[in-house]
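Read through the structure below, which is laid out as C-alpha cells, and then see the notes.
Just so we're on the same page: letters track the sequence lines, and every chain starts at 1. The basis for the numbers below is simple: all heavy atoms, side chains too, and nothing from hydrogens, waters or symmetry mates.
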Protein chains: 2
Amino acid sequence: MATLRDVAQAAGVSPATASRALSAPDSVSSGRRFKVLEAAQRLGYQPNRSAQALASGRNRHLGLVLPDLANPYFATIAKGVQLEARESSNAVLVADTDEDPRREHDVVRELQTRVDGVVLCSPRMPEEQILECAARGPLVLVNREIEGIPSVTFDVASGMRQTLLHLRALDHRTIAYVGGPETSWSDRHRRRGLDSVAGITVIDLGPHRPVHAGGFAAADLALETGATAVVCFNDLVALGVVSRLQSRGVAIPSGMNVVGFDNIPGSTYVTPALTTVAVPLQRAGREAAMLLDPSLSPADAAPAQLRLDVELIIRESTAPLTPAP
Amino acid sequence: MATLRDVAQAAGVSPATASRALSAPDSVSSGRRFKVLEAAQRLGYQPNRSAQALASGRNRHLGLVLPDLANPYFATIAKGVQLEARESSNAVLVADTDEDPRREHDVVRELQTRVDGVVLCSPRMPEEQILECAARGPLVLVNREIEGIPSVTFDVASGMRQTLLHLRALDHRTIAYVGGPETSWSDRHRRRGLDSVAGITVIDLGPHRPVHAGGFAAADLALETGATAVVCFNDLVALGVVSRLQSRGVAIPSGMNVVGFDNIPGSTYVTPALTTVAVPLQRAGREAAMLLDPSLSPADAAPAQLRLDVELIIRESTAPLTPAP
DNA sequence: TGCCACAATGAAACCGCATTCATTCCTTTC
DNA sequence: GAAAGGAATGAATGCGGTTTCATTGTGGCA
C-alpha cells in the first residue's frame, strides 16, 4: 500500500507538501498540486485513516446508540444519521443496547473512545448518566430533551392535540390512551397534548411496553372502558391493539377507532391502514448528525434544541362515530 | 487525557511494560502488573484507539454493508453482527446503500479503508465487483455464495421444499410463486426447492420487488391463476399479498392460502398470522462476524461456506383446502 | 533601488501506542 | 559449580500522517 511518502517522492516534493496538496489544495502552487494529485492517482494512494486520526485528533466517525435496531422507529433514525454522515464523509458506528438501559451507559462510553461524537437515542437512561456522557465528548440527543445538551425532538404534544381534534370532529367523546414507559420523555409530552382539548374525555390505560405485545394486552382494557377510540403511544402498540381487537371480533373502525403514533412503514401495511401521527424520523437523524459537525457550531453557542413538527395522517382506522342503532 | 506514558510514570515502569501489563498481562510480573493497573485506574486511563490502530494495524472495527437498514430482514442480521462484535470487543460500522446496487461498490471500498473486515449483504452487486472488494481485504458474504469467498447462507431450497410438502399435505395442488429479483442468489435457490416436490403444480408469477408493494401487485395475478395458495419470496411480499387480497374481499386462509419467507417480526403481527419459513438471521450475522475474526481462521484454510438450516413455521395463513361446496 | 510582507516549501517534531531487540537476572541441568 | 536457557524489563524504533516553524523566493510599495 502506497504511503504519503511514496506519493511525495514520486511527485518530487516533500511529504509536507504532498499532505497539503491533498488536504488543503489552496495552499500549494498549482504545478506541484497537479503533480501530487497525479502521483497519488497513479499509485492508488489511500490515506491511512488511523494515522490521520492520530495526527489530527479526529476520525470522522460518528457514533449512534439506540435501544433496538430491529425496531423500525430507530432504524429510520439510523438511516437519517447515515445519510447525513455520508454527505459529510463520516462513517457511522452503531450500537444497539438491546433495550437494556443498564447497558446503555457502558455502550456509550465504549463508543465515545472510537468516535468524534455520538447521537444518543435513549428514552430511558437516567439523566445524570447522560450528563456524564455528554461531559466526555460531543453528544446529541434524539427524542429527548435535557437542559444544556443539544437535542432533536418532535412536537408530540401537538401530534396528540391534532389527534384529539380529529377524533372530536368525528363525534368521539370518550377515548382511551395506551401509554408508553413511565420514564419516557416522549410519553410525558404526549400526555401534555392529551390535556389540551376540551369536550373529550381521556381514559388513561396506564403505561405499557412500547411494542406489539404491549398493545395486545391493552386492547382488552380499552374495550372494557366503553371508549370509542384508542389512542396509542406508538404504531407498534396500535398494531397490537388492532390484532387483538380483530381476533376478538371487533371490527375497525366500525367497532373501535385506533390511532397510532410515528407512522412507521408497517402502519400502512395492515388492514385497515392506521391513522397515525407522522414523525420526521429520518430528518431527525440527519439533523442530529449535523448538530455534531463541529464546523457548524461555534463552540460558544448555546446547545441547539430542535423541535420538529409532526403531522396527523388520516387513514382507515378512524371514522365518524355512528350512534348505535 | 492520561496517556500510557503517564500511567507508566505513575507506576514507576517503562511505557513498554505498561503497554504489556494492559494488553498481555501474563508477560509482566504480578507486582508491576498490579501497579500499572492501579495507576491506569487512578488516572482514568483510556487507550487512544487511533494510536493503537496505527501501531498495531488493526482497528477492531467491523464493517457491515446492507441494502436497507429499515428493512427488518437486514436489521436483524445487523443485530447479530453487532452481538458478536461486542463480544469480541469490536465495533460495527454500518453502511446502508439505499437499495442502490451501483453505490454498493463505492460504499464497500470506502468502508474498507476504515475497518478490519466487512460483512457484505448485497444480493445484487455483480460478482466481479464483489471479488474485487474481497481482494482488498477480509470480507464475508451473507445470503449469497461465491466461490472462494467465505459466506453464510440459508438452505432456502429446503425451506421451499418444506413449504410445498406442507401445502400438499393440506390438499393443495396448484400454487403460485411470487418471485424476488431475478438477479438474486436467494431467488434462484428458492426456485430449486420449488421443483423438488411431486404432485403439485407451481405457477410462476415472475420476479417482483421484494417489498410490500411488490406483493400488493402480485396478489391480483395470483388470484387470476386459480391457484389455491400463494408462496412468496419473502414476508414483506406476503404481507403485501395479504393486504391486497383482504381489500378485495378474499378471506385468508379460507379463500386463499399465503406463505411467506424469513419470519420477520411483522409476520406474527398481522391477522391472520403468516405461515412462513424461519431463517436464522441473527445467527447468520453472528456467524459472519465470527468468520471475520482472524484468530479463528488459519490463513491457509479454505474459505468457510456455512449453510444454515431453516424451518417452516405454521401459523394461520395456511389451512386444509376445503372443496367448494 | 531597497525594504517589507507574504506565499510556498521542506525539515522536523509530534500524535500515542505496539513491538523488536538487547540486557539483566534468575532458574535449570549436567 | 558452570553453562545454558528462559523470563522480565526498558530503550528505541516505527506506524503514516499533520502541523509548526524556519527558510526561501516573490511581488508591492515607497
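Counted by atom type alone, T97(A) and R103(A) present zero donor-acceptor pairs between their side chains at under 3.5 Å. If you check the side chains of R20(A) and S27(A), you find no donor sitting under 3.5 Å from an acceptor.
Between the R114(B) side chain and the N59(B) main chain, no donor and acceptor come within less than 3.5 Å of each other. Put simply, the side chain of Q112(B) gets close to the backbone of C133(B): a donor and an acceptor are under 3.5 Å apart.
With values rounded to the nearest 0.5 angstrom, L292(A) atom CG is found 12.5 Å from E287(A) atom CD. Separation of atoms OG (S88(A)) and CZ (R286(A)) is listed at 9.5 Å; rounding is to 0.5 Å.
Using a 4.0 Å cut-off between charged nitrogen and carboxylate oxygen, R124(A) and E104(A) do not count as a salt-bridge pair. The existence of a salt bridge linking R86(A) and E110(B) is excluded, since no basic side-chain nitrogen approaches an acidic carboxylate oxygen closer than 4.0 Å. Residues D98(B) and K79(A) are paired through a salt bridge, judged by an N-O separation under 4.0 Å between the basic side chain and the carboxylate.
Looking at residues 52-63 of chain A, you'll see L54(A), A55(A) sit with a heavy atom under 4.0 Å from some atom of DNA chain C. Heavy-atom distances under 4.0 Å link DNA chain C to A16(B), S19(B), R20(B) of residues 8-32 of chain B, given in residue order. Taken residue by residue, residues 108-116 of chain B places no heavy atom nearer than 4.0 Å to DNA chain C. Within residues 34-49 of chain A, no residue has any heavy atom under 4.0 Å from DNA chain C.
Checking P123(A), P101(A), P210(A), S122(A) one by one against P67(A), the side-chain contact (heavy atoms from CB on, under 4.5 Å) holds for a single residue, P123(A).
Looking at heavy atoms from C-beta onward, L37(B) lies in side-chain contact with L22(B) at the 4.5 angstrom threshold. Inter-residue side-chain proximity for M125(A) and V108(A) is flagged as met; some heavy-atom pair is nearer than 4.5 Å.
A 6.0 Å sphere centred on CZ of R283(A) holds no more than 12 heavy atoms belonging to other residues, nucleotides or ligands.
Remark: E127(A) pairs with no residue by the salt bridge (Lys or Arg N to Asp or Glu O under 4.0 Å) rule, at least two apart or across chains.
Between chain A and DNA chain D, the heavy-atom contact criterion of under 4.0 Å yields a 5' to 3' nucleotide range of dG16(D) to dT20(D).
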Practice problem: Just do the side-chain contact (heavy atoms from CB on, under 4.5 Å) check on R307(B) and F154(B) with the steps written out, would you? | Solution: CA-CA 5 Å; R307(B) 181 158 306 182; F154(B) 307 107; 6.0 Å; no
